[in-house]
Novice: 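Take a look at the following structure, please.
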Amino acid sequence: MTILVTGGAGYIGSHTCVELLKTSYDIIILDNISNSKKESVDRIKELGGRDLKFYEGDILDRATLDGIFTENKVDAVIHFAALKAVGESTQIPLTYYDNNVSGTINLCKAMAAAGCKKIVFSSSATVYGSENISPLREDMPLGKATNPYGTTKMFIEQILQDIYTADNSWSISLLRYFNTVGAHKSGRIGENPNGEPNNLMPYITQVAVGKRPFLTVHGSNYDTPDGTGVRDYIHVVDLAMGHISALDKVLQSPGLDIYNLGTGKGYSVLDVIAAFEKASGVKINYKIAERRTGDIATCYADPGKAFEQLGWKAVRGIDEMCEDSWRWQSQNPEGY
Ligand code: NAD
Ligand code: UFG
């Protein structure tokens with residue numbers, strides 16, 4: 001069977017493609033390389049041990065999509081392609097709505113036209129908003145996103161649900177990721193942020209490698225055990241395996257399912273710094289500062305539904321996440 005992976009050259013996509021290449025699925029990557037490098041595609045092939053098809057192109061370009069569906073018999077799509085920088089989304093919201101929402105609509109139209117109605121979508125824990133109390137469960141009401149990026153994920157979830165309501169021959173899996181960190185054990189692929197990282201782990205690894213002088217800890221007066229924000233960090237390879245489980249289900253029968261992909265455990269910013277120092281042997285300079293706008297105190301998953309229905313659970317702990325993030329960063333200080 002052949003799987004189209006949009007955004008497959010990116011951080012989570014590349015790790016998922018490596019795991020897909022170890023199964024019997026053939027893969028086609030479509031990526032416009034706006035937030036990734038072609039080098040990652042070569043490394044996916046190297047780590048996966050076999051070939052794949054790569055199209056450099058945009059999900060906004062219907063002709064490119066139609067070309068792919070005409071040239072290949074695509075059985076299902078894993079849809080990662082999106083812009084994801086929370087801060088940037090507040091500066092250029094239209095670009096985010098266009099790329100993420102219009103891009104997904106374009107993709108779904110091309111899929112429907114080609115008779116391919118099976119999709120696994122990258123959603124986010126951000127859709128739970130700030131009011132729900134962790135552990136977060138899939139049946140909780142959605143919150144209000146605090147930025148346009150988060151709103152695109154809410155809109156796309158709604159659009160995919162409406163597509164299914166209108167035509168229940170579709171098979172759709174909405175995967176709500178928690179905080180993805182770590183890298184492939186080889187140190188050959190990993191997260192490669194452009195410019196100053198937004199997220200905690202790449203910031204820590206850049207401080208460790210000497211690219212940034214210190215980490216700013218955003219807030220120390222939250223209602224958490226040590227006052228810093230608590231999140232559910234999940235190893236990217238565990239997340240990748242979750243996609244394969246979701247894909248297997250999507251290919252079996254029509255339906256629409258929503259799954260949290262998290263570990264169910266929360267770690268504070270100071271916990272992550274301590275775990276990273278232990279894993280790397282490098283001291284992390286940090287300064288405590290004000291809270292970051294839009295942040296919440298605590299966010300972690302109830303991952304039970306994915307285990308019950310998909311047989312999937314995360315198995316890699318915080319130490320392994322830090323060791324693997326560090327191996328990637330120290331072996332590739334300038335990224336790809
Ligand atoms: P990433 O930026 O590394 O990967 C996204 C890929 O999509 C990039 O390679 C980029 O070049 C490509 N892309 C973007 N717009 C495109 C377009 N119009 N056409 C073709 N390709 C396009 O990001 P990631 O961390 O791997 O995230 C993958 C998905 O998971 C995204 O949808 C993101 O919103 C979602 N997500 C990520 C996290 C996280 O912690 N990293 C958390 C929740 C959800
Ligand atoms: N943090 C710092 N300093 C930094 C960066 C982050 O103290 O330089 C703190 C934050 O305040 C928060 C924690 O580290 O308490 C995690 O922050 P991240 O920016 O790494 O992650 P978020 O939880 O804010 O959000 C991330 C993605 C979202 C996604 C969400 C999934 O950025 O897109 O995880 O739950 F939706």
Side-chain angles (χ1 to χ4, degrees), residues 5-16 29-38 40-41 55-61 64-65 78-87 89 95-96 98-100 102-104 106-107 121-128 136 145-147 149-150 152-153 156 175-181 190-194 196-204 206-207 212 214-220 222 224 228-234 236 239 243 260-262 266-270 272-273 286-301:
V5 184
T6 73
Y11 171 44
I12 302 172
S14 59
H15 288 80
T16 303
I29 292 177
L30 170 65
D31 200 304
N32 66 1
I33 309 294
S34 60
N35 197 38
S36 49
K37 296 270 161 52
K38 275 193 216 159
S40 80
V41 178
Y55 289 83
E56 183 170 345
D58 203 299
I59 56 167
L60 286 167
D61 180 7
T64 296
L65 290 169
I78 304 182
H79 177 34
F80 293 107
L83 295 173
K84 63 161 186 176
V86 170
S89 79
T95 304
Y96 272 68
D98 194 30
N99 193 77
N100 296 4
S102 306
T104 303
N106 211 34
L107 173 66
F121 172 65
S122 303
S123 188
S124 166
T126 196
V127 302
Y128 289 110
L136 299 166
T146 55
N147 57 76
Y149 163 73
T152 70
K153 295 295 176 191
I156 297 166
L175 302 182
R176 294 180 179 159
Y177 310 162
F178 286 70
N179 293 57
T180 313
V181 299
E191 190 170 10
N192 190 31
N194 278 333
E196 188 171 355
N198 298 290
N199 298 119
L200 181 63
M201 187 61 87
Y203 215 106
I204 290 178
Q206 292 201 4
V207 171
R212 314 254 161 216
F214 61 88
L215 168 77
T216 302
V217 175
H218 299 305
S220 61
Y222 285 107
T224 61
T228 65
V230 167
R231 297 289 183 275
D232 185 336
Y233 296 92
I234 175 168
V236 65
L239 195 74
H243 286 75
N260 285 338
L261 296 185
Y267 290 97
S268 73
V269 176
L270 298 182
V272 177
I273 294 172
Y286 68 85
K287 291 185 184 168
I288 306 274
E290 292 302 302
R291 293 181 179 194
R292 186 172 65 176
T293 312
D295 273 358
I296 56 174
T298 301
C299 172
Y300 60 91

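All values below were derived from every heavy atom in this structure, side-chain atoms included, with hydrogens, water molecules and symmetry-related copies excluded. Source: prediction; values computed, not measured. First listed ligand is number 1; within each ligand, the first listed atom is number 1.
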Novice: Non-hydrogen atoms closer than 4.0 Å to ligand 1: which protein residues do they belong to? List them by chain and number, please.
Specialist: G7, A9, G10, Y11, I12, D31, N32, I33, S34, N35, S36, G57, D58, I59, F80, A81, A82, K84, N99, S122, S123, S124, Y149, K153, Y177, T180

Novice: State which residues pass ring pair (Phe, Tyr, Trp, His ring centres under 6.0 Å) with H243; sequence neighbours excluded, sorted by chain then number.
Specialist: F80, Y177

Novice: With the side chain counted from C-beta on, respond yes when P197 and R212 share a heavy-atom pair under 4.5 Å apart, and no when they do not.
Specialist: yes

Novice: If we only count heavy atoms from C-beta on, is the I273 to V217 side-chain gap below 4.5 Å?
Specialist: yes

Novice: At their closest point, which heavy atom of I288 faces which heavy atom of S220, and how far apart are they?
Specialist: CG2-OG, 3.3 Å

Novice: Going by the rule ring pair (Phe, Tyr, Trp, His ring centres under 6.0 Å), which residues pair with Y149 if we only count those two or more places apart in sequence or in a different chain?
Specialist: none

Novice: Supply the atom-to-atom distance S14 OG to E191 CD, rounded to the nearest 0.5 angstrom.
Specialist: 10.0 Å

Novice: With a 3.5 Å distance limit and no angle check, can you tell me whether S40 reaches the backbone of A9 through a side-chain donor-acceptor pair?
Specialist: yes

Novice: Please tabulate, one line per pair, the protein nitrogen or oxygen atoms found under 3.5 angstrom from a nitrogen or oxygen of ligand 2, with distances to 0.1 Å, or say none if there are no such pairs.
Specialist:
unit_1	atom_1	unit_2	atom_2	d
ligand 2	3 (N)	T216	O	2.7
ligand 2	7 (O)	T216	O	3.4
ligand 2	7 (O)	H218	N	2.9
ligand 2	11 (O)	D295	OD2	2.6
ligand 2	17 (O)	R292	NH2	3.4
ligand 2	19 (O)	N198	O	3.4
ligand 2	19 (O)	N199	ND2	3.1
ligand 2	19 (O)	R292	NH1	3.3
ligand 2	19 (O)	R292	NH2	2.8
ligand 2	20 (O)	N199	ND2	3.4
ligand 2	20 (O)	L200	N	2.8
ligand 2	21 (O)	N179	ND2	3.0
ligand 2	23 (O)	N179	ND2	2.9
ligand 2	23 (O)	R231	NE	2.6
ligand 2	24 (O)	R292	NH2	2.9
ligand 2	32 (O)	N199	ND2	2.8
ligand 2	34 (O)	N179	ND2	3.4
ligand 2	35 (O)	N179	OD1	3.3

Novice: Considering only heavy atoms from C-beta outward, does the side chain of N147 approach that of Y96 to under 4.5 Å?
Specialist: no

Novice: Measure across C299 and F178 and return the closest heavy-atom pair with its distance rounded to 0.1 Å.
Specialist: SG-CE2, 3.8 Å

